[in-house]
Amino acid sequence: MSHSTPILYKIAEHVNEMEQIYRLNYETFVEEIPQHESNDTRKLIDRFNEENTYIIAKRKDEVVGMISVKGNRPFSLDQKLENLDTHLPEKAVPCEIRLLSIKEAYRGGRIFYGLCEQLVSYCLDKGYSMALISGTIRQTKLYKHLGFQPFGPLVGTEEAPYQPMYLTKKNFELSSKVFQRLIERKEKTFYHNFLPGPVEVTKEVKKAWQEPAISHRSTPFQNVMDEIQMKLCDLTNANHVEVVVGTGTLANDMVAAQLSVLPNTGLILANGEFGERLMDHGRRWGLSFEKIQKAWNNPITLQEIDRVLTDNPAIQWLWTVHCETSTGYVYPLQQLKEICGKHHVNLCVDACSSVGLIPVDLTDVYLASTVSGKGIASYPGLAMVFHQVDILPNEMIPNYLDLGKYQANQSVPYTHSSNGLMALHAALNNPQSQKDELAQKVCESFTSSGMNVLRREDYSPGIITVRLPNEMSSKDLGDCLKSYGIQTSYESGYLLKRNWFQVALMGDQKQPDVMKAIQMVCDQFEHLTNEKVLNR
């Protein structure tokens with residue numbers, strides 16, 4: 001049985017949860033520990049059931065562990081020990097804890113400590129100053145370790161003897177730290193990064209980043225820069241590339257700056273957040289351009305592009321994203337190059353979410369942008385602008401954005417980051433494997449769990465987008481997954497607005513770890529779906 005599924009700790013409140021409590025109670029205190037007589041229903045309803053509060057551990061819809069707490073007298077121990085109060089400190093505000101039960105397959109791990117941690121929190125919230133238990137003598141050492149103090153004689157039966165014990169408020173608070181340490185010792189915190197940036201990097205990239213910094217004016221630095229430029233051009237079939245300290249937004253500003261000095265108009269394509277950002281770059285730079293803009297996730301056809309270029313012969317450049325990160329949609333680069341060649345139009349491409357993830361051939365592409373911290377799988381902080389022809393410095397462009405100035409200075413006109421450059425070099429020396437098969441497995445898992453995946457053949461394996469039902473919040477799901485150590489993309493405003501979340505298969509993604517994390521995502525989605533159904 002897989003224990004990778006998230007365990008939810010909560011107070012039992014639904015009929016289905018109570019039915020499972022009665023069956024678990026029977027399995028433990030009738031069949032395993034002979035305290036009660038068997039019956040045909042195979043349920044055991046505690047005599048204090050109406051006054052008990054049950055704290056439970058759930059895996060998906062299954063109650064796998066429970067413990068009860070009761071604040072009203074008489075307690076079970078009142079009936080087993082005469083003058084119970086004489087054994088307790090004065091002015092105690094006690095509660096009684098009973099019916100600890102964990103299914104056999106889940107014992108010896110986190111669940112016991114998780115239940116206890118939740119219980120301590122509940123007791124402190126309710127103002128109890130002491131908790132009473134009848135502890136099985138098999139676990140006396142453990143209970144003492146958690147702060148329980150034994151008192152009075154053994155109670156129960158010869159077959160099932162118990163030691164009365166209590167835990168004071170002071171030890172309540174101390175035990176919270178004990179539980180946390182035990183949890184951390186029993187189970188390392190799970191972590192998996194499905195963000196589209198920053199992405200998980202390999203140990204080689206981490207090591208390179210941590211090397212001592214060197215001068216950006218030194219010969220070793222320039223040698224590494226030269227090698228990086230060569231590797232990037234080999235990877236993309238580009239003629240030239242400049243490496244800049246900055247982000248993809250900076251790289252696109254550099255593209256817009258070059259377009260701003262061309263005396264002609266252009267065309268921008270947009271069917272998602274990042275296509276719309278290109279239009280924003282164009283407006284801010286005062287570019288003259290037509291646009292083909294569609295609702296998100298709706299494809300822009302080659303026929304539509306061809307028609308606009310035919311009807312507007314003044315258009316001399318076309319600017320588009322290659323992979324639309326907000327949905328995963330990939331524009332057909334080869335066909336775009338052919339159409340632009342037919343109309344003698346310069347093609348410019350935002351390839352921030354495609355270089356390193358899918359084949360990108362920048363032959364005959366006028367300008368293109370990408371970054372270090374996505375598909376190339378290095379740390380964020382370096383931007384790259386590819387260019388087809390030599391570019392001279394231009395005083396009409398701000399210094400930091402002048403692509404020609406970078407080319408004239410071997411990509412190092414200003415202070416550069418040797419740490420970022422060395423990490424990028426290590427990433428290019430250890431390229432990531434293709435993710436197509438892995439993406440297919442992820443999509444199949446999501447679909448089989450009932451998720452609405454935005455997917456077609458022309459979508460990137462690096463971005464998987466899920467449209468959640470209206471009754472489920474992407475923020476709630478994302479926050480919940482984050483609490484289990486799974487980082488998904490959901491906090492961007494454009495995703496929250498549409499109630500979408502994304503899994504990005506960028507960076508160092510090992511299939512066993514990915515599928516373990518994806519199962520946890522599916523289980524939590526199904527759990528929240530069932531919770532919504534039960535609460536209707």
Side-chain angles (χ1 to χ4, degrees), residues 1-8 14 16-17 20 57-64 103 105-106 190-196 200 296-297 323-330 357-358 433-490 495 498-507 509-536:
M1 180 178 296
S2 170
H3 288 231
S4 63
T5 305
I7 300 295
L8 176 68
H14 301 303
N16 177 265
E17 292 169 343
Q20 291 191 64
K58 291 184 73 175
R59 177 186 180 271
K60 297 177 70 172
D61 297 324
E62 178 188 11
V63 175
V64 299
K103 289 191 174 182
Y106 293 87
F190 184 78
Y191 176 80
H192 197 88
N193 179 359
F194 284 129
L195 297 174
E200 203 66 20
W296 287 30
N297 208 42
C323 171
E324 175 51 70
T325 316
S326 62
T327 60
Y329 175 78
V330 176
L357 273 170
I358 58 178
S433 59
Q434 295 295 308
K435 304 290 199 307
D436 299 79
E437 183 179 339
L438 184 56
Q440 183 64 29
K441 290 181 181 294
V442 171
C443 290
E444 288 172 356
S445 295
F446 281 175
T447 302
S448 64
S449 294
M451 297 188 204
N452 181 2
V453 182
L454 277 60
R455 202 77 185 161
R456 289 192 298 268
E457 288 184 2
D458 51 357
Y459 276 57
S460 168
I463 297 284
I464 298 168
T465 306
V466 176
R467 179 190 289 118
L468 292 176
N470 292 333
E471 60 271 17
M472 185 184 300
S473 161
S474 60
K475 185 177 188 308
D476 289 347
L477 176 60
D479 286 348
C480 184
L481 292 172
K482 188 187 291 186
S483 73
Y484 289 113
I486 300 175
Q487 304 287 327
T488 59
S489 182
Y490 69 97
L495 293 174
R498 288 164 175 80
N499 205 33
W500 293 357
F501 85 96
Q502 293 180 321
V503 162
L505 298 178
M506 298 184 183
Q509 299 283 350
K510 296 179 175 61
Q511 181 165 318
D513 295 336
V514 168
M515 296 316 297
K516 176 180 178 180
I518 290 301
Q519 184 59 54
M520 295 170 72
V521 174
C522 292
D523 288 342
Q524 198 56 42
F525 173 82
E526 292 173 13
H527 169 74
L528 290 177
T529 299
N530 292 333
E531 285 281 297
K532 297 297 181 184
V533 171
L534 287 170
N535 288 330
R536 284 178 184 170

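The two residues Ser460 and Ile358 come nearest to each other via the heavy atoms OG-CG2, 4.4 Å. Between Gly462 and Met506, the shortest heavy-atom contact is O-CG, 4.1 Å. Listed here is the closest heavy atom pair of Gln502 and Ser326: NE2-O, 2.9 Å. Listed here is the closest heavy atom pair of Leu477 and Met472: CD2-SD, 4.5 Å. Contact record, Met515 with Leu438: SD-CD1, 4.0 Å, taken as the closest heavy-atom pair. Residues Ser489 and Pro196 come closest through the heavy atom pair CB-CD, 3.6 Å.
Inter-residue side-chain proximity for Phe525 and Val466 is flagged as unmet; no heavy-atom pair is nearer than 4.5 Å. At a threshold of 4.5 Å between non-hydrogen side-chain atoms, the residues Cys480 and Asp476 do not count as touching.
Under a 3.5 Å cut-off, the side chain of Asn452 and the backbone N or O of Pro469 do not form any donor-acceptor pair. With Glu62 contributing its side chain and Arg59 its backbone, the two residues share no donor-acceptor pair below 3.5 Å. A distance-only check finds no donor-acceptor pair linking the side chain of Gln524 to the backbone of Gly478 [under 3.5 Å]. A donor-acceptor pair under 3.5 Å is formed between the side chain of Gln20 and the backbone N or O of Asp61. With hydrogens and angles ignored, the 3.5 Å screen pairs no side-chain donor or acceptor of Ser449 with any backbone N or O of Met451. Distance alone, capped at 3.5 Å, places no donor-acceptor pair between the Gln434 side chain and the Pro461 backbone. Judged by distance alone, with hydrogens and angles left aside, the side-chain atoms of Asp458 form no donor-acceptor pair with the main-chain N or O of Val330 at under 3.5 Å. Between the side chain of Tyr484 and the backbone N or O of Ile7 there is at least one donor-acceptor pair closer than 3.5 Å.
Asp436 and Gln440 share no donor-acceptor pair across their side chains, judged by distance under 3.5 Å alone.
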Run the side-chain contact (heavy atoms from CB on, under 4.5 Å) check on Tyr329 and Leu454 step by step: do they pass? CA-CA 9 Å; Tyr329 175 78; Leu454 277 60; over 6 Å; no
Does the side-chain contact (heavy atoms from CB on, under 4.5 Å) test come out yes or no for Gln487 and His192, once each step is laid out? CA-CA 6 Å; Gln487 304 287 327; His192 197 88; over 6 Å; no
Could you go through the side-chain contact (heavy atoms from CB on, under 4.5 Å) check for Ile464 and Phe194 one step at a time? CA-CA 10 Å; Ile464 298 168; Phe194 284 129; over 6 Å; no
For Gln509 and Asp513, run side chain to side chain donor-acceptor pair (under 3.5 Å): C-alpha distance rounded to whole Å, both residues' side-chain angles, the deciding distance at 0.1 Å, then the answer. CA-CA 7 Å; Gln509 299 283 350; Asp513 295 336; over 6 Å; no
Does the pair Lys482 and Tyr490 meet the rule for a side-chain contact (heavy atoms from CB on, under 4.5 Å), with working shown? CA-CA 11 Å; Lys482 188 187 291 186; Tyr490 69 97; 3.4 Å; yes
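Applying the 6.0 Å contact sphere to NZ of Lys103 captures more than 12 heavy atoms from other residues, nucleotides or ligands. With a 6.0 Å radius and a threshold of 12 heavy atoms from other residues, nucleotides or ligands, Glu437 has its CD atom at or below the threshold.
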